[in-house]
Number of protein chains: 2
Amino acid sequence: MEHPHRKLRPREPSDLEDEVEATREAATKAQVFAAAERLFALHGFQNVSVRDITAEAGVNLASVNYHFGSKDGLLFEIFRRRTGELNRERARMLHEAADRDGGAPPLREILRALFEPPLRWSDPRNERRISVQFIIRARSEGTEAMREVLRSDVSHLRRFADALLTARPGLAPEDVYWRLHFCLGMTHNNRFAEFERLHVLSQGLTSETDMEALLERMLDFAEAGFVA
Amino acid sequence: MEHPHRKLRPREPSDLEDEVEATREAATKAQVFAAAERLFALHGFQNVSVRDITAEAGVNLASVNYHFGSKDGLLFEIFRRRTGELNRERARMLHEAADRDGGAPPLREILRALFEPPLRWSDPRNERRISVQFIIRARSEGTEAMREVLRSDVSHLRRFADALLTARPGLAPEDVYWRLHFCLGMTHNNRFAEFERLHVLSQGLTSETDMEALLERMLDFAEAGFVA
DNA sequence: TCGGGGGTCGAACGACCGTTTGACTGAGCA
DNA sequence: TGCTCAGTCAAACGGTCGTTCGACCCCCGA
């Protein structure tokens with residue numbers, strides 16, 4: 001048939017060859033994906049029309065519905081892939097830290113595994129810089145269905161919560177959970193607009209380009225908050 | 001004339017009698033205001049149509065454009081009033097703390113002035129509960145014009161930055177600014193959805209109803225982070 | 001060489017949106 | 001009593017949106 005997103009879509013790449021399939025044939029799909037991610041991150045989901053996306057990508061208007069089923073489907077697929085990548089990188093760092101320290105990594109290393117991946121992506125020289133902004137935006141502007149997934153799927157946070165509970169055995173579990181919540185709030189606030197706002201407030205003292213310095217600042221703050 | 005938002009609107013209440021004018025005559029305006037704030041807070045700006053608002057308020061469709069000029073104008077007016085109230089309450093608390101301590105309030109009292117107002121509003125028994133959610137949402141989903149104001153107007157944060165710089169003289173100013181940024185991130189993350197998410201993760205251990213306990217938790221965390 | 005189907009294209013559909021219009025209402029005042 | 005005008009109302013306008021349709025192209029296997 002023609003439209004892969006109608007009735008049991010034949011030969012669905014199914015999340016695995018997505019990265020490879022951008023060879024030549026489905027270049028259109030990759031271009032739509034990239035353009036949509038960029039525009040969604042910069043202007044928000046509702047403020048970007050399908051026509052904006054296809055114009056930016058230089059493809060036909062019908063491409064979005066052909067390759068992704070719908071505009072919602074496009075948003076969801078970008079979100080699923082990016083959060084998957086981010087969570088995998090975080091889990092890998094946490095796992096490596098656990099290997100280094102016999103299964104019970106110290107507090108700072110747990111927090112580093114939580115903070116570093118999105119910050120490394122946010123480096124101005126990193127092409128994934130826009131992906132972080134997309135994720136942050138999508139978290140609050142996403143579809144209702146997306147927010148349902150977001151609310152119920154906390155599996156990737158389980159490892160971090162457990163590691164923190166182990167690292168701070170003297171702390172009441174609810175305190176650990178709340179402080180993890182605070183740390184997540186710290187990262188979710190790292191949007192372009194907030195950086196600019198801080199830049200204005202500090203009269204140019206703060207710079208949003210040095211992500212390594214920002215990482216250490218966040219670690220200092222959060223680690224002290226957890227030890228309290 | 002008929003439409004107050006066309007050409008130099010006659011007898012504009014001008015931000016002062018807004019609270020009083022809800023006597024009888026302009027009950028429609030107040031109902032639109034309340035319905036819009038609630039719907040915007042719950043579903044977002046773009047997901048709520050003017051028809052949704054007027055239906056919820058039980059008034060005519062044209063009321064929004066008559067009383068507020070446009071849908072954007074309505075959003076902006078709600079945002080301006082609510083943020084004004086919040087900033088005034090924060091400034092008042094900071095001022096009182098300064099009076100108590102001879103002009104240089106201790107770190108924890110500064111942070112309390114920053115955290116407490118929105119948390120007190122968030123109390124389930126407080127009718128302003130929805131206003132906090134509205135503010136947080138509007139901060140990231142607002143109009144471009146609104147975001148421009150948001151980025152350039154940092155006057156209400158100046159007092160807090162200065163107070164923090166005074167309270168932590170040994171700290172590099174840029175560290176103070178960054179840590180203030182972290183604290184703001186902590187408050188901005190206090191959305192309903194995030195509370196539910198944490199509730200799921202902690203398997204019911206955390207409760208979003210006890211705002212006083214949450215305030216102390218946030219103060220413990222942030223104060224320790226600032227002392228580090 | 002021929003047929004089929006994945007992919008692309010222009011064009012249009014139908015729904016919903018924010019906004020505007022002009023008539024109407026009723027209270028306040030001379 | 002008659003005029004004025006802020007406010008309300010039903011109805012419609014013009015535009016944009018996501019989506020769908022049917023024709024078309026071209027590569028690939030038989």
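Chain naming here is simple, since letters A, B, ... match the order of the sequence lines and numbering starts at 1 in each.
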- How about Glu77(B) and Lys29(B): do any of their side-chain heavy atoms sit closer than 4.5 Å? yes
Could you list the protein-to-nucleotides 15-18 of chain C atom pairs, N/O on both sides, closer than 3.5 Å?
residue, atom, partner, partner atom, Å
dG18(C), OP1, Lys71(B), NZ, 2.7
dG18(C), OP2, Val50(B), N, 2.8
dG18(C), N7, Arg51(B), NH1, 2.8
dG18(C), O6, Arg51(B), NH2, 2.8

- Message: Can you tell me if Arg191(B) has over 12 outside heavy atoms packed within less than 6.0 Å of its CZ?
- Response: yes
- Query: Separation of Ile53(B) atom CD1 from dT19(C) atom P, in whole Å?
  - Reply: 10 Å
- Task: Would you please name every residue forming a salt bridge (charged side-chain N to carboxylate O under 4.0 Å, His left out) with Asp162(A), sequence neighbours left out?
- Result: Arg158(A)
- Take atom CG of Leu75(B) and atom P of dT19(C), then tell me their distance rounded to the nearest Å. 12 Å
- Query: Okay, side chain of Arg90(B), backbone of Leu114(B): is any donor-acceptor separation there less than 3.5 Å?
  - Reply: yes
- Let me know the distance between OH of Tyr66(A) and P of dC21(D), rounded to the nearest Å. 15 Å
- Message: Is it the case that the side chain of Arg179(B) and the backbone of Phe221(A) share a donor-acceptor pair, with hydrogens and angles ignored and the cut-off at 3.5 Å?
- Response: no
- Query: How long is the line joining CD of Gln31(A) and P of dC9(C), in whole Å?
  - Reply: 10 Å
- Query: Going by the angle between their ring planes, with limits at 30° and 60°, are Phe40(A) and Phe45(A) parallel, tilted or perpendicular?
  - Reply: perpendicular
- Task: Verify, without hydrogens or angle tests, whether Asp52(A) (side chain) and Val48(A) (backbone) share a donor-acceptor contact under 3.5 angstrom.
- Result: no
- Kindly indicate, with the supporting measurements, whether the criterion salt bridge (charged side-chain N to carboxylate O under 4.0 Å, His left out) is fulfilled by Arg81(B) and Glu85(B). CA-CA 6 Å; Arg81(B) 183 187 302 183; Glu85(B) 292 168 348; 5.0 Å; no
- Message: For dG7(D) and Asn60(B) - does any side-chain N or O of the residue sit under 4.0 Å from the phosphate oxygens OP1/OP2?
- Response: no
- Taken to the nearest whole Å, CG/Leu74(A) to P/dC17(D) is 16 Å
Dump every N/O contact between nucleotides 25-27 of chain C and the protein below 3.5 Å, one line per pair.
none

- Item | Below 4.0 Å: OP1/OP2 of dT8(D) and any side-chain N or O of Thr28(B) | yes
